[in-house]
Undergrad: 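Below is a structure I'd like to ask you about.
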Amino acid sequence: MECPHLNSSVCIAPDSSRFPNGSPSSWCCSVCRSNKSPWVCLTCSSVHCGRYVNGHAKKHFEDTQSPASNHKKSEKHDKEKPLHAVCMDCSSYSTYCYRCDDFVVNDNKLGMVQKVREHLQNLENSAFAVDRHRKRKLLECSSLNSKLFKDNGGASALCATGLRNLGNTCFMNAILQSLSNIQQFCCYFKELPAVELRSGKTAGRRMYHTRSQGDTSVSLVEEFRKTLCSLWQGSQTAFSPESLFYVIWKIMPNFRGYQQQDAHEFMRYLLDHLHLELQGDCNGVSCSTISQDGVMLSAGGKCCINGTSTVVTAIFGGVLQNEVNCLICGTESRKFDPFLDLSLDIPSQFRNKRSKNQENGPICTLRDCLRSFTDLEELDETELYMCHKCKKRQKSTKKFWIQKLPKVLCLHLKRFHWTAYLRNKIDTYVEFPLRGLDMKCYLLEPENSGPDSCLYDLAAVVVHHGSGVGSGHYTAYATHEGRWFHFNDSTVTLTDEETVVKAKAYILFYVERQTKPGSDTKL
């Protein structure tokens with residue numbers, strides 16, 4: 001948005017000595033001392049917390065506005081008076097105007113906003129360098145169990161890159177970090193050529209099209225590609241996915257704003273929109289690469305969701321067989337449903353067991369959840385089956401079989417459920433294997449699969465910390481080149497398998513184990 005209040009609100013010098021010490025992303029609110037979501041006023045350089053913490057930045061703006069007077073003020077005087085209306089996020093460096101109640105994309109004639117942004121970035125980098133030097137000194141006196149790799153006998157910085165929290169965007173960061181560690185999926189996007197977006201003719205360039213209101217000015221695929229390319233390059237500074245988040249706002253209205261969102265819901269929207277956008281280029285790299293390299297789908301394209309196959313359905317796409325039997329006449333109905341992930345209920349008998357160490361009964365396992373999903377189930381009165389032979393709704397049973405397993409099996413544990421008035425969280429610990437998840441017993445035709453073709457190894461885990469879907473915090477664990485990492489927004493740390501298996505998983509990403517070394521399918 002073009003803000004008209006910059007000249008009257010941006011009054012501080014870019015090198016102002018009134019800025020606090022330390023890195024801007026860790027500055028504390030001058031009122032409540034919280035270091036979460038700090039915002040700096042571009043009029044007086046005071047630091048306050050954002051509206052989703054305690055809202056002191058907005059209150060600072062409101063308190064600095066003079067009370068309405070009875071006499072009419074001139075427009076000139078109103079424009080010249082400092083407004084304290086514009087502030088900058090100290091983590092993402094985005095600018096917001098409280099008078100416009102929107103984010104600002106322009107600058108004043110002197111370019112002061114950009115100068116302040118660059119100054120804050122320099123302060124952040126300097127503070128990070130000092131902190132890194134201090135950690136390296138400590139490393140020399142510590143064991144190998146640290147946050148740094150050992151390379152050729154020396155210490156080199158951790159190669160993983162964090163993602164800045166843009167304001168309750170941990171749900172997005174956890175999903176992006178998980179997907180970035182699924183090698184087949186990630187490498188496909190990273191190897192795509194860059195797309196130059198222009199409003200006029202593309203001069204022969206391949207261009208992706210969004211399916212949102214015919215908008216061709218943004219590309220989710222391109223911004224997703226840029227984000228993946230920015231991770232795992234050894235950058236010491238967390239990457240800010242602002243451009244990707246902007247595109248998400250434009251094409252996924254459900255995720256506009258800065259309130260907490262459901263990570264699973266976001267993942268499904270993201271995969272669906274990537275799939276749709278790639279379908280818009282059915283003659284380009286996406287489809288031809290898949291067919292040339294022989295990525296096979298089920299017969300008749302059963303796991304091809306919404307038409308043409310793409311890397312999304314080739315990697316995550318599987319097929320379920322839904323079998324319904326009428327209990328009155330015995331008529332059997334079968335239907336094949338494609339899926340990108342499976343949502344599993346946590347069996348009711350385990351829902352009060354919160355930790356792995358509790359002694360009250362057996363531990364809930366992932367196999368218990370899978371068995372509950374595929375077991376024969378009698379439909380209740382609200383789900384009566386319309387029997388075509390009986391010509392009316394009848395009591396029936398339902399059972400799921402997996403007809404085709406995907407290359408990456410995504411399992412969503414249904415931790416949130418609706419009660420009469422609110423959505424509660426099931427905080428049960430579910431035990432899951434790091435290696436060798438055997439899916440053979442859930443297949444429709446297990447005899448047609450090889451002994452090792454149904455084994456899966458864990459690649460990533462998304463965890464929700466907190467009590468409700470609209471609150472709390474998301475982090476992710478993922479394995480990269482044999483090491484496990486914990487991704488907590490801009491912070492990335494090495495961890496171990498013992499820590500990972502204790503996590504209360506929300507989403508699990510399992511990768512199909514290759515039967516022959518070096519037989520990885522390239523996409």
Undergrad: To the nearest 0.5 Å, what is the distance between SG (C186) and CG (L179)?
TA: 8.5 Å
Undergrad: Once rounded to the nearest 0.5 Å, what's the spacing between atom CZ of F487 and atom NE2 of H480?
TA: 8.5 Å
Undergrad: With distance as the sole criterion, is a donor-acceptor pair present between the side chains of S37 and W39 under 3.5 Å?
TA: yes
Undergrad: At what distance, to the nearest 0.5 angstrom, does NZ of K414 lie from CG of D345?
TA: 4.0 Å
Undergrad: Between T491 and N488, does any side-chain donor sit less than 3.5 Å from a side-chain acceptor?
TA: no
Undergrad: What about the rings of F189 and F224, do their centers lie closer together than 6.0 Å?
TA: yes
Undergrad: Between E323 and R334, does any NZ, NE, NH1 or NH2 come within less than 4.0 Å of an OD or OE carboxylate oxygen?
TA: yes
Undergrad: Whether the T475 and H465 side chains hold a donor-acceptor pair (N or O, under 3.5 Å, no angle test) is what I'd like checked.
TA: yes
Undergrad: Regarding D427 and K504, does a basic nitrogen lie under 4.0 Å from an acidic carboxylate oxygen?
TA: yes
Undergrad: For this output row, return yes or no: ring centroids of F185 and F316 closer than 6.0 angstrom.
TA: yes
Undergrad: Only counting residues at least two apart or in another chain, list the ones meeting salt bridge (Lys or Arg N to Asp or Glu O under 4.0 Å) with D489.
TA: none
Undergrad: For the residue pair S343 / H412, report whether a side-chain donor-acceptor contact shorter than 3.5 Å exists.
TA: yes
Undergrad: Does the distance from a Lys or Arg side-chain N to an Asp or Glu carboxylate O, for E222 and R225, drop under 4.0 Å?
TA: yes
Undergrad: Side chain to side chain donor-acceptor pair (under 3.5 Å), that's the test. Do E277 and S219 meet it? Break it down for me.
TA: CA-CA 8 Å; E277 190 171 321; S219 170; 2.7 Å; yes
Undergrad: Measure from the ring center of Y506 to the ring center of F416 and say whether it is less than 6.0 Å.
TA: yes
Undergrad: Is there side-chain contact between T161 and S230, with at least one heavy-atom pair below 4.5 Å?
TA: no
Undergrad: Heavy-atom distance under 4.5 Å between the side chains of Y510 and L366, does that happen here?
TA: yes
Undergrad: Quick one, L176 and T227 - any side-chain contact, counting heavy atoms below 4.5 Å?
TA: yes
Undergrad: Assess whether side chain to side chain donor-acceptor pair (under 3.5 Å) is satisfied between T310 and H275, documenting all intermediate values.
TA: CA-CA 6 Å; T310 68; H275 173 66; 2.7 Å; yes
Undergrad: Does a side chain donor of either H464 or D262 reach within less than 3.5 Å of an acceptor in the other side chain?
TA: no
Undergrad: Keeping the roles fixed (side chain from Q260, backbone from G472), state whether a donor-acceptor pair exists under 3.5 Å.
TA: yes
Undergrad: Under 3.5 Å, side chain of K399 to main-chain N/O of V324, donor-acceptor pair present?
TA: no
Undergrad: Can you tell me how far apart SG (C369) and CZ (F350) are? Round to the nearest 0.5 Å.
TA: 8.0 Å
Undergrad: If you take the centroid of each ring, where Trp contributes its six-membered ring, are F266 and F171 closer together than 6.0 Å?
TA: yes
Undergrad: Can you tell me which residue among V500, L494, T493 is in a side chain to side chain contact (heavy atoms under 4.5 Å, CB included) with F485?
TA: L494
Undergrad: Are E497 and R435 close enough for a salt bridge, meaning some N to O gap below 4.0 Å?
TA: yes
Undergrad: Looking only at the side chains, is there a donor atom on one of S23 and S26 sitting less than 3.5 Å from an acceptor on the other?
TA: yes
Undergrad: What pairs with S180 under side-chain hydrogen bond (donor to acceptor under 3.5 Å, both in side chains), at least two apart in sequence or on another chain?
TA: none
Undergrad: Quick one, Y96 with D101, criterion side chain to side chain donor-acceptor pair (under 3.5 Å). Give me CA distance, side-chain angles, the key distance, then yes/no.
TA: CA-CA 7 Å; Y96 193 88; D101 197 23; 2.5 Å; yes
Undergrad: At what distance, to the nearest 0.5 angstrom, does CD of E431 lie from OG1 of T365?
TA: 7.0 Å
